[in-house]
Amino acid sequence: MKLLGEFYKVVSDSPSPSGHEYVIALNPEHFIYGAHFPGEPVTPGVCIMQIAVELLSQACGRRMYLHCVRNVKFLNVITPEEGRLIRYSLSGIGGQESEVKVQVTVSSDDMIFAKLSMVCQPVPVQ
């Protein structure tokens with residue numbers, strides 16, 4: 001499942017001293033929000049995690065897939081408000097050629113939405 005382009009867009013990306021930081025904007029018109037939940041849209045946790053994997057792929061320069069979730073804390077809901085910017089801070093990016101470990105904090109200027117600790121692996125080249 002690829003969410004980049006239709007579900008969200010990257011507004012900015014920059015390396016940081018501890019890893020990489022992305023700022024994204026969600027598409028409040030995306031069909032997912034019509035079902036999750038009608039009249040009170042909330043970003044599904046699986047989408048929050050998939051965005052993290054896609055952004056890690058960009059940071060590493062290769063397609064990755066989620067192999068293992070070590071820890072997830074959803075602290076606040078993310079609503080797709082028009083004009084709201086969401087920050088994905090990727091830190092502790094490391095590991096071996098066969099797997100990449102990453103810590104991800106999802107936030108806005110005034111709120112932390114989620115903290116993720118994941119292990120991803122590169123998609124095999126065919």
Side-chain angles (χ1 to χ4, degrees):
M1 164 175 54
K2 181 181 172 200
L3 299 177
L4 179 61
E6 291 186 28
F7 188 73
Y8 74 97
K9 67 179 179 177
V10 175
V11 175
S12 69
D13 64 75
S14 57
S16 70
S18 61
H20 210 93
E21 188 170 287
Y22 292 90
V23 176
I24 68 163
L26 298 171
N27 174 7
E29 303 301 318
H30 197 273
F31 73 89
I32 286 176
Y33 291 119
H36 199 269
F37 295 99
E40 299 215 18
V42 174
T43 304
V46 68
C47 293
I48 294 169
M49 293 172 53
Q50 177 62 25
I51 292 169
V53 172
E54 291 180 17
L55 296 176
L56 177 63
S57 295
Q58 284 190 19
C60 292
R62 57 187 173 164
R63 274 186 51 217
M64 307 292 281
Y65 69 91
L66 182 60
H67 173 70
C68 174
V69 178
R70 303 226 183 237
N71 194 13
V72 175
K73 292 181 183 177
F74 294 111
L75 303 168
N76 290 289
V77 297
I78 300 175
T79 58
E81 298 171 19
E82 193 73 48
R84 177 187 231 171
L85 299 178
I86 308 294
R87 179 178 297 107
Y88 273 72
S89 300
L90 284 62
S91 62
I93 301 172
Q96 310 163 26
E97 186 68 24
S98 62
E99 70 177 26
V100 177
K101 298 175 184 176
V102 64
Q103 305 292 319
V104 182
T105 301
V106 183
S107 63
S108 66
D109 289 333
D110 58 347
M111 186 176 298
I112 296 177
F113 299 110
K115 292 185 176 187
L116 317 168
S117 176
M118 310 182 312
V119 177
C120 295
Q121 293 183 333
V123 173
V125 179
Q126 297 181 9

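The structure displayed is predicted, hence computed values, not measured ones.
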**Student:** Residues in side chain to side chain donor-acceptor pair (under 3.5 Å) with R84, at least two apart?
**Tutor:**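 Once residues adjacent in sequence are excluded, the partners of R84 under the side chain to side chain donor-acceptor pair (under 3.5 Å) criterion are T79.
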**Student:** In terms of hydrophobic clusters joined by side-chain contacts under 4.5 Å, are V23 and V53 together?
**Tutor:**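 Different clusters.
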**Student:** Applying salt bridge (charged side-chain N to carboxylate O under 4.0 Å, His left out) as the test, list every pair that has at least one member in residues 41-57; sequence neighbours left out.
**Tutor:**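 Salt bridge (charged side-chain N to carboxylate O under 4.0 Å, His left out) check on residues 41-57 returns no pairs.
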**Student:** Can a donor-acceptor pair be found, under 3.5 Å and without considering hydrogens, that links the side chain of S57 to the backbone of M64?
**Tutor:**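 Here the side-chain-to-backbone pair exists.
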**Student:** Under 4.5 Å between side-chain heavy atoms, chaining through other members, with only Ile, Leu, Val, Met, Phe, Trp and Tyr counted: pull out the rest of the cluster around V42, sorted by chain and number.
**Tutor:**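 F37, V77, which link up through side-chain heavy atoms under 4.5 Å apart, make up the rest of the cluster.
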**Student:** Could you give the distance from CG (N27) to CD1 (I32), rounded to the nearest 0.5 Å?
**Tutor:**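 N27 CG to I32 CD1: 10.0 Å, rounded to 0.5 Å.
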**Student:** Who are the side chain to side chain donor-acceptor pair (under 3.5 Å) partners of Y88, not counting sequence neighbours?
**Tutor:**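 Per chain and number, Y88 pairs via side chain to side chain donor-acceptor pair (under 3.5 Å) with no residue.
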**Student:** So F7 and Q50, do their side chains get closer than 4.5 Å, heavy atoms only?
**Tutor:**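 Heavy-atom side-chain distance check fails, nothing below 4.5 Å.
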**Student:** List in chain and number order the residues that pass side-chain contact (heavy atoms from CB on, under 4.5 Å) with V72, two or more places apart in sequence or in another chain; answer none if no residue qualifies.
**Tutor:**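 So V72 forms a side-chain contact (heavy atoms from CB on, under 4.5 Å) with M49, V69, F74, L116.
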**Student:** Would E21 and S14 count as having a side-chain donor-acceptor pair, cut-off 3.5 Å?
**Tutor:**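 No, no side-chain donor-acceptor contact under 3.5 Å.
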**Student:** Please list, chain by chain and in numerical order, all residues satisfying side chain to side chain donor-acceptor pair (under 3.5 Å) with E82, sequence neighbours excluded.
**Tutor:**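 With neighbours one apart ignored, the set is empty.
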**Student:** Answer whether the closest heavy-atom distance between the side chains of H67 and C120 falls below 4.5 Å.
**Tutor:**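 The answer is no; the side chains never approach within 4.5 Å.
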**Student:** Give every donor-acceptor pair under 3.5 Å between a side-chain atom in residues 105-112 and any protein atom, sequence neighbours left out.
**Tutor:**
residue, atom, partner, partner atom, Å
S108, OG, D110, OD1, 2.9
D109, OD1, R87, NH2, 3.3

**Student:** Which side-chain N or O atoms in residues 90-101 pair as donor and acceptor under 3.5 Å with protein atoms at least two apart or in another chain?
**Tutor:**
residue, atom, partner, partner atom, Å
E97, OE2, R62, NH1, 3.1

**Student:** R63: which residues meet the side chain to side chain donor-acceptor pair (under 3.5 Å) condition with it, sequence neighbours left out?
**Tutor:**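 For R63 there are no side chain to side chain donor-acceptor pair (under 3.5 Å) partners, ignoring immediate neighbours.
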**Student:** Atom CG in N71, atom NZ in K115: separation rounded to 0.5 Å?
**Tutor:**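 Going from the CG atom of N71 to the NZ atom of K115 covers 10.0 Å.
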**Student:** Determine the minimum heavy-atom distance between P41 and P80, stating which atoms define it.
**Tutor:**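 Residues P41 and P80, closest heavy atoms: O-CD, 3.6 Å.
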**Student:** Are L4 and I51 linked, directly or through other ILVMFWY residues, by side chains that come within less than 4.5 angstrom of each other?
**Tutor:**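 Same cluster.
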**Student:** Only pairs at least two apart or in different chains count here, so list each side-chain hydrogen bond (donor to acceptor under 3.5 Å, both in side chains) that has a residue in residues 30-47.
**Tutor:**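 Passing the test, one end in residues 30-47: Y33-T43.
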**Student:** To the nearest 0.5 Å, what is the distance between CD1 (I78) and CD1 (I48)?
**Tutor:**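 That separation rounds to 4.0 Å.
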**Student:** Atom SG of C68 and atom CE of M118: how far apart are they, to the nearest 0.5 Å?
**Tutor:**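 Output value for this atom pair is 10.5 Å.
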**Student:** The test is side-chain contact (heavy atoms from CB on, under 4.5 Å); show your working for L55 and I24 and say whether it passes.
**Tutor:** CA-CA 10 Å; L55 296 176; I24 68 163; 4.3 Å; yes
**Student:** Using ring-ring contact (aromatic ring centres under 6.0 Å, His included) as the criterion, list what pairs up with Y8, not counting sequence neighbours.
**Tutor:**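 Not a single residue meets the ring-ring contact (aromatic ring centres under 6.0 Å, His included) criterion with Y8.
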